[in-house]
Amino acid sequence: MATLGLIVVGDFALATGCDQHVKFVTSMLGRAGQSLAWAWFIPADRVQLASALHEAWQRPHVVACFGGLGNGVDDSVRLTIKALQTGREQVGLSCHAQSESDGVLTCANTTFFPGHPEQSHAAFERWWLSQPFDADAPATERVLWALPESTHAVDARRKVKAGYPTVTQRLTAAGDGDVMLTFTGPSKGKVQGARKALQRALTVTG
């Protein structure tokens, strides 16, 4: 079950494609039978952060963001949130709900943690364990996927989409950098059916 979106802010994560936050979060979610809905690596840049937050706030998932918190002008998270909230007011929209407690900042569906693992991981664990799990959340399954996609793979995905219109297919990044094809649907049976249909289609040649 995919229940969490993840944003990691920092040039190291972007350059290497991995960091300690993704490994820690995916391990913790896995122990609870949960999985990441998606994960984004973005540079420590306020324009990039604003774009990521604008997109994340439109997603149905709870979102955790690591990095970007600091003091004064180094606090790109708070400065970016303030700019986005001001922008909403200027076009007649209400501000997103915002709160801060126990050193954890939350705005809309996104909760922010420091970039340093020693400061953030214990706080994330306390926060995540306090979140209610939604029994009605969409079912999710993932399979390892190769890029670039072959014509055969694209055709197989298209056929499965036609056969399972309520199951979405998205390419996502795993914590180890692998590309995964993620199936999300209204029930475990439909998601498994779509995944198995795709695997069968891929074994058919010419």
Side-chain angles (χ1 to χ4, degrees), residues 2-30 32 34-134 137 170 172-177 182:
T3 53
L4 181 75
L6 180 65
I7 302 173
V8 179
V9 181
D11 297 329
F12 174 79
L14 187 68
T16 62
C18 63
D19 78 340
Q20 296 183 52
H21 301 307
V22 175
K23 182 179 180 180
F24 172 78
V25 170
T26 54
S27 175
M28 184 172 174
L29 297 184
Q34 311 291 319
S35 65
L36 279 177
W38 44 267
W40 301 335
F41 292 164
I42 64 173
D45 175 83
R46 285 182 56 194
V47 174
Q48 296 273 6
L49 178 59
S51 177
L53 291 181
H54 178 73
E55 174 64 23
W57 288 345
Q58 300 180 64
R59 298 292 180 101
H61 310 98
V62 174
V63 181
C65 178
F66 289 90
L69 288 170
N71 297 314
V73 295
D74 293 329
D75 194 339
S76 57
V77 163
R78 288 182 176 84
L79 292 172
T80 301
I81 290 174
K82 182 178 179 181
L84 290 172
Q85 297 278 52
T86 299
R88 291 180 63 84
E89 289 182 319
Q90 290 174 345
V91 297
L93 297 174
S94 60
C95 291
H96 287 300
Q98 185 173 333
S99 64
E100 187 165 0
S101 63
D102 194 26
V104 175
L105 170 66
T106 298
C107 185
N109 64 338
T110 305
T111 299
F112 301 86
F113 302 90
H116 198 295
E118 291 184 3
Q119 299 174 350
S120 60
H121 288 180
F124 172 84
E125 184 169 6
R126 290 193 302 270
W127 168 79
W128 180 248
L129 292 176
S130 71
Q131 300 299 304
F133 292 117
D134 185 359
R170 294 180 296 112
T172 58
D176 55 6
T182 300

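Throughout, numbering of the chain's residues begins at 1 and tracks the sequence.
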Considering all heavy atoms, the nearest His61-Asn109 contact: O-ND2, 2.9 Å

For His96, ring-ring contact (aromatic ring centres under 6.0 Å, His included) partners two or more places apart: Trp57

Check: Val63 and Leu4 side chains under 4.5 Å, non-hydrogen atoms: no

Residues in salt bridge (charged side-chain N to carboxylate O under 4.0 Å, His left out) contact with Glu100, at least two apart in sequence or another chain: Arg78

Close side-chain approach of Trp38 to Thr182, heavy-atom, < 4.5 Å: no

Distance (rounded to the nearest 0.5 Å) between His54 NE2 and Leu49 CG: 13.0 Å

Least distance between heavy atoms, Thr110 atom then Leu53 atom: CG2-CD2, 4.3 Å

Taking every non-hydrogen atom, the tightest pair across Ile7 and Ala56: CD1-CB, 4.1 Å

is_close_aromatic(Phe66, Phe112), centroid dist under 6.0 Å: no

Heavy-atom donor-acceptor pair, Arg88 side chain to Ser94 backbone, under 3.5 Å: yes

Point-to-point distance, once rounded to the nearest 0.5 Å, from CG of Leu6 to OG1 of Thr26: 9.0 Å

Residues forming a side-chain contact (heavy atoms from CB on, under 4.5 Å) with Thr111, sequence neighbours excluded: Val104, Thr106, Phe113, Trp127

For Ala52 against Trp40, the heavy-atom pair lying closest together: O-CZ3, 3.4 Å

Qualifying salt bridge (Lys or Arg N to Asp or Glu O under 4.0 Å) pairs, either residue in residues 53-64, two or more places apart: Glu55-Arg59

Nearest heavy atoms of Gln85 and Cys107, plus distance in Å: NE2-SG, 3.6 Å

Listed once per pair and sorted, the side chain to side chain donor-acceptor pair (under 3.5 Å) pairs that draw on residues 112-124, sequence neighbours left out: His21-His121

Ser27: partners by side-chain hydrogen bond (donor to acceptor under 3.5 Å, both in side chains), with sequence neighbours left out: Arg31

Contacts of Arg126 that satisfy salt bridge (charged side-chain N to carboxylate O under 4.0 Å, His left out) - sequence neighbours left out: Asp102

Pairing residues for Thr86 by the side-chain contact (heavy atoms from CB on, under 4.5 Å) criterion, not counting sequence neighbours: Lys82, Gln90

Residues that Arg46 engages under side-chain contact (heavy atoms from CB on, under 4.5 Å), provided they are two or more places apart: Ser76, Leu79, Thr80, Ala83

Sequence-distant partners of Gln48, side-chain hydrogen bond (donor to acceptor under 3.5 Å, both in side chains), two or more places apart: none

Cys95 side, atom SG; Glu89 side, atom CD - distance, nearest 0.5 Å: 3.5 Å

